[in-house]
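The structure appears below as structure tokens.
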Amino acid sequence: DMPDKSKTYKLIGSDGKEYISYEKGSLGGNRRGKIYGRMDCPAALRALRHPAKDIYIKNRVFFKDEATAFAAGYRPCGTCMREHYKLWKEGKLESVLKL
């Protein structure tokens with residue numbers, strides 16, 4: 001299945017810099033909090049409904065995958081990625097992601 005070349009997405013690379021992709025990111029994140037998580041994260045969905053959502057949206061970033069998000073200096077969300085968040089707190093996530 002080829003990506004739709006008529007639509008582009010801004011993703012963050014492992015170097016922390018934005019780049020254009022023809023494929024959607026698999027994870028969302030927040031630049032200010034340096035957090036990444038699932039697109040259906042309850043905490044992110046709550047933030048998108050909040051009256052101050054414009055600030056959240058302005059700082060929203062997207063990643064190809066978890067290894068990229070982690071390499072860019074972001075941490076897993078404690079709400080939607082609880083197991084990986086615990087591993088991150090213990091300093092063990094890097095070995096699980098095989099980086």
Side-chain angles (χ1 to χ4, degrees):
D1 196 22
M2 292 295 293
D4 177 4
K5 300 274 183 170
S6 66
K7 181 138 178 66
T8 59
Y9 303 90
K10 289 181 185 174
L11 303 183
I12 300 295
S14 57
D15 60 0
K17 293 186 169 70
E18 205 170 75
Y19 70 97
I20 300 299
S21 172
Y22 290 114
E23 295 183 47
K24 279 184 178 180
S26 67
L27 296 170
N30 186 282
R31 185 178 288 118
R32 281 175 75 182
K34 297 290 257 187
I35 298 169
Y36 65 85
R38 296 188 335 242
M39 296 292 198
D40 64 348
C41 174
L45 295 176
R46 203 167 31 254
L48 289 168
R49 289 191 304 268
H50 192 275
K53 69 181 181 217
D54 292 348
I55 295 166
Y56 180 80
I57 291 169
K58 188 177 81 175
N59 289 291
R60 192 107 160 99
V61 292
F62 300 93
F63 301 95
K64 176 182 155 200
D65 54 36
E66 187 173 11
T68 303
F70 185 78
Y74 288 68
R75 69 158 177 85
C77 174
T79 301
C80 69
M81 300 189 78
R82 190 169 306 280
E83 289 306 310
H84 279 203
Y85 175 75
K86 285 180 190 171
L87 290 168
W88 171 77
K89 289 277 283 188
E90 296 167 3
K92 298 177 183 172
L93 184 59
E94 195 167 345
S95 61
V96 170
L97 296 178
K98 299 184 177 20
L99 298 175

- Do R75 and Y85 come close enough that some side-chain heavy atom pair is under 4.5 Å? yes

- Query: Tell me, do T8 and Y22 make a side-chain contact under 4.5 Å, heavy atoms counted?
  - Reply: yes

- From the list E90, K89, E83, side chain to side chain contact (heavy atoms under 4.5 Å, CB included) with L87 holds only for E90

- Query: Is the backbone of A72 close enough, under 3.5 Å, to the side chain of S14 for a donor and an acceptor to pair up by distance?
  - Reply: no

- Task: Would you check if I20 and K10 make a side-chain contact, meaning some heavy-atom pair closer than 4.5 Å?
- Result: yes

- Does the side chain of Y56 reach to within under 4.5 Å of the side chain of R32, using non-hydrogen atoms? no

- Query: Hey, is CG on L45 packed in by over 12 heavy atoms from elsewhere, all under 6.0 Å?
  - Reply: yes

- Should Y36 and F70 count as side-chain neighbours, where that means a heavy-atom distance under 4.5 Å? yes

- Message: Quick check on R31: does its CZ atom have over 12 non-hydrogen neighbours (other residues, nucleotides or ligands) under 6.0 Å away?
- Response: yes

- Does some side-chain heavy atom of E66 sit less than 4.5 Å from a side-chain heavy atom of L93? yes

- Under 4.5 Å between any side-chain heavy atoms of L48 and I57, yes or no? yes

- Message: Taking the side chain as everything from C-beta on, heavy atoms only, tell me whether Y74 gets closer than 4.5 Å to V61.
- Response: yes

- Message: Let me confirm one number: the CE-CG distance from M39 to L27, rounded to the nearest 0.5 Å.
- Response: 6.5 Å

- Message: Would K7 pass as a cation-pi partner of Y9, given that its NZ or CZ must be under 6.0 Å from the six-membered ring centre and within 45 degrees of the axis?
- Response: yes

